[in-house]
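First the structure, in the form of structure tokens, and then the observations on it.
Numbered from 1 within each chain, the chains take letters A, B, ... in sequence-line order.
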Number of protein chains: 2
Amino acid sequence: MKGYLWTGGEPGSQKTVAPPENGRLAPWESISVEAVGNVIEFWGFKRNQGRVWALLYLRGEPLTAGEIERELELSKGGVSMLLRDLERWGAVQRVRVPQDTVWRYSAETDLVRMVTHVVEEREAAFVTRIRADLAEARRLAVGVGGLPAERLRRLERMATLAEHVERALRLFIRTSRLDVAGVLGAFRDGALSR
Amino acid sequence: MKGYLWTGGEPGSQKTVAPPENGRLAPWESISVEAVGNVIEFWGFKRNQGRVWALLYLRGEPLTAGEIERELELSKGGVSMLLRDLERWGAVQRVRVPQDTVWRYSAETDLVRMVTHVVEEREAAFVTRIRADLAEARRLAVGVGGLPAERLRRLERMATLAEHVERALRLFIRTSRLDVAGVLGAFRDGALSR
DNA sequence: CATATAGTTCAAGACCGCGTGAACTGCACC
DNA sequence: GGTGCAGTTCACGCGGTCTTGAACTATATG
């Protein structure tokens, strides 16, 4: 991730990088590609992964690595690695056009599947780990005993929150329906876990 | 953000950092503090902002900057800056205990308000910017004319997606109810914007 | 087999955010 | 005014990630 830690900065000075004068891209393409790059970076991936995917998506037809390299002004090696990542995540497919010797790459168009996939691979695993840590902490805290009730309650609140989030995420993976309201509802100020 | 770009790595080798032997923290505190630190970092903030907030939250009573400094093994300057950020975001309050000369800091306990606040300040502003960019791109694309219908459709699909996300977020800010299902539902493979 | 082009890998370096620590400000108390 | 402590600011260095570019492998073609 790069530059969106608004520690200061005027309101409205939101980062997102302006489209750099890249090669032959039409302005509208350039803007879109950069926009997606920004989103993807915000999500914790590499900006260029987003740019590559966006280009493929907008072009509709499969491009070769060389074309991507030129359009987005990336290095040969870089493109190779970016494509491999995208491929592994199912965001891009590698296709061989009959009669042709080079690989071409086309974007996965099912956005829902992509998002679900990412959430499954990354967020869910992460949240599970956090939930487990907090459960362990709770176990230990109860074990030592003699803690002020209030402190224990707070720890438990955090642990419960993590549990709810995990459950919501797993449900989302299965149904594509995410309901955060249920998770947070129980945690309005003062409300206790239930 | 730091280390969660699983470009490789075995499944299960999830990062999240193990509690380092920090000062006098009880093990359960240490685990919890680090867990929150990881979450916060994952969210695109600084790990230490999360650690500080977690410590204050778990202790229940306001701590001085010096105490935080010792407990979390941070530098004086660092703590000062971290607290300022947290304060600006309403995640921490600065309180003056009667009869005492030093500032103390206590954690905001309303998690819902905190999340809402962050989403409002950061995500919403960001998404708005993206949505605007894509709208502009669409305008330009239509302007040039003569584009293959398929390409235009794809651009429009992205733009519409951004619009929906923005609307959902703004609704969330007002109601604390987030329904992503609606946003994504319209974008299952093949489905067209409507 | 020689040559050329596509594709991969990886070490080196550019780049950038973060925390440190020292200098500085402000304030209380004697 | 002077001493000491709380708090702020900021230049710098460390540690991390991302990209480059060159060496390498693979594959097709004459």
Side-chain angles (χ1 to χ4, degrees), chain A residues 1-9 15 17 20 22 37-38 40-52 62-88 92-105, chain B residues 1-9 15-17 20 22-23 37-38 40-52 62-88 92-105:
Chain A
M1 262 198 184
K2 241 15 118 20
Y4 27 86
L5 204 32
W6 346 113
T7 226
K15 278 280 184 56
V17 182
N22 36 16
N38 288 326
I40 257 39
E41 186 177 30
F42 194 72
W43 261 66
F45 298 92
K46 301 187 203 169
R47 130 180 274 97
N48 281 332
Q49 285 163 353
R51 299 211 307 145
V52 169
L63 301 187
T64 68
E67 285 163 341
I68 297 171
E69 199 183 319
R70 253 170 288 122
E71 299 286 28
L72 302 183
E73 305 191 327
L74 296 170
S75 69
K76 200 160 118 91
V79 170
S80 171
M81 286 172 16
L82 292 171
L83 283 173
R84 213 143 57 75
D85 294 339
L86 291 170
E87 211 185 338
R88 259 192 334 105
V92 148
Q93 271 129 7
R94 179 188 295 233
V95 302
R96 184 79 88 173
V97 177
Q99 251 64 316
D100 202 344
T101 167
V102 303
W103 285 109
R104 290 172 183 273
Y105 303 85
Chain B
M1 263 200 183
K2 246 8 120 22
Y4 28 84
L5 205 32
W6 346 113
T7 227
K15 281 277 184 62
T16 63
V17 181
N22 34 16
N38 288 327
I40 257 38
E41 185 177 29
F42 195 73
W43 260 66
F45 298 93
K46 301 188 203 170
R47 131 180 272 94
N48 281 331
Q49 285 163 353
R51 299 210 307 145
V52 168
L63 300 187
T64 67
E67 285 162 342
I68 297 171
E69 200 182 318
R70 255 171 285 121
E71 299 286 26
L72 300 183
E73 305 191 326
L74 294 170
S75 68
K76 201 159 117 89
V79 170
S80 171
M81 285 173 12
L82 293 170
L83 283 172
R84 212 144 56 76
D85 295 339
L86 291 170
E87 212 186 336
R88 259 193 334 106
V92 149
Q93 272 128 7
R94 179 188 294 235
V95 302
R96 185 80 86 173
V97 177
Q99 251 63 317
D100 200 347
T101 168
V102 303
W103 285 109
R104 292 174 181 272
Y105 302 86

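- The distance from atom CE of A:Met81 to atom P of D:dT20 is 10 Å, rounded to the nearest whole Å.
- Residue A:Arg84 places no side-chain N or O under 4.0 Å from the OP1 or OP2 atom of C:dG7.
- Per the geometry, NZ belonging to B:Lys46 stands 11 Å off P belonging to C:dT20, to the nearest Å.
- B:Arg94 places no side-chain N or O within donor-acceptor distance of the main-chain N or O of B:Arg104, the cut-off being under 3.5 Å.
- Residue-level contact check: B:Arg94 touches the backbone only, with heavy atoms under 4.0 Å from sugar-phosphate atoms and none from bases.
- For the pair B:Val95 and B:Trp103, the tightest heavy-atom approach, listed with the atom from each and the gap, is O-CE3, 3.6 Å.
- When the P atom of D:dG7 is taken as reference, atom CZ of B:Arg96 falls 7 Å away, rounded to whole Å.
- Atom CD in B:Glu69 sits about 12 Å away from atom C1' in C:dG19, given to the nearest Å.
- Distances shorter than 4.0 Å separate none of the side-chain N or O atoms of A:Arg51 from OP1 or OP2 on D:dC18.
- In this structure, A:Gln49 atom CD and D:dC18 atom P are separated by 8 Å, rounded to whole Å.
- Atom CZ in B:Arg84 sits 11.5 Å away from atom CD in B:Gln49 (nearest 0.5 Å).
- Summarising the geometry, the separation between CD on A:Glu41 and C1' on C:dC15 is reported as 13 Å, rounded to the nearest angstrom.
- Ranking D:dA28, C:dG19, D:dC18 by closeness to the A:Thr101 side chain, first place goes to D:dA28.
- B:Glu71 places no side-chain N or O within 3.5 Å of a backbone atom of B:Ile68 that could act as its donor or acceptor partner.
- In this structure, CD of B:Glu73 is placed 16 Å from C1' of C:dG21, rounded to the nearest angstrom.
- Per the geometry, CD1 belonging to B:Ile68 stands 13 Å off C1' belonging to D:dA6, to the nearest Å.
- Along DNA chain D, the nucleotide closest to A:Lys76 and the one closest to B:Thr64 are compared, and the more 5′ of them pairs with B:Thr64.
- Among C:dC10, C:dG19, C:dG7, the nucleotide with an atom closest to any side-chain atom of B:Leu82 is C:dG19.
- A sub-4.0 Å separation between OP1 or OP2 of C:dG19 and a side-chain N or O of B:Asn48 is present.
- If A:Ala65 and B:Gly78 are placed on DNA chain C by their nearest nucleotide, the residue sitting closer to the 5' end is A:Ala65.
- When distances run from any side-chain atom of B:Ser80 to the nucleotides C:dG19, D:dG7, C:dT9, the shortest one goes to D:dG7.
- Each of C:dG21, C:dA6, D:dG7 was ranked by its minimum atom distance to the side chain of B:Trp103; first place goes to D:dG7.
- Distance check: B:Leu74 CG to B:Leu82 CG gives 6.5 Å after rounding to the nearest 0.5 Å.
- Side-chain proximity of B:Tyr105 to the nucleotides C:dC18, D:dG7, C:dG21 is greatest for D:dG7.
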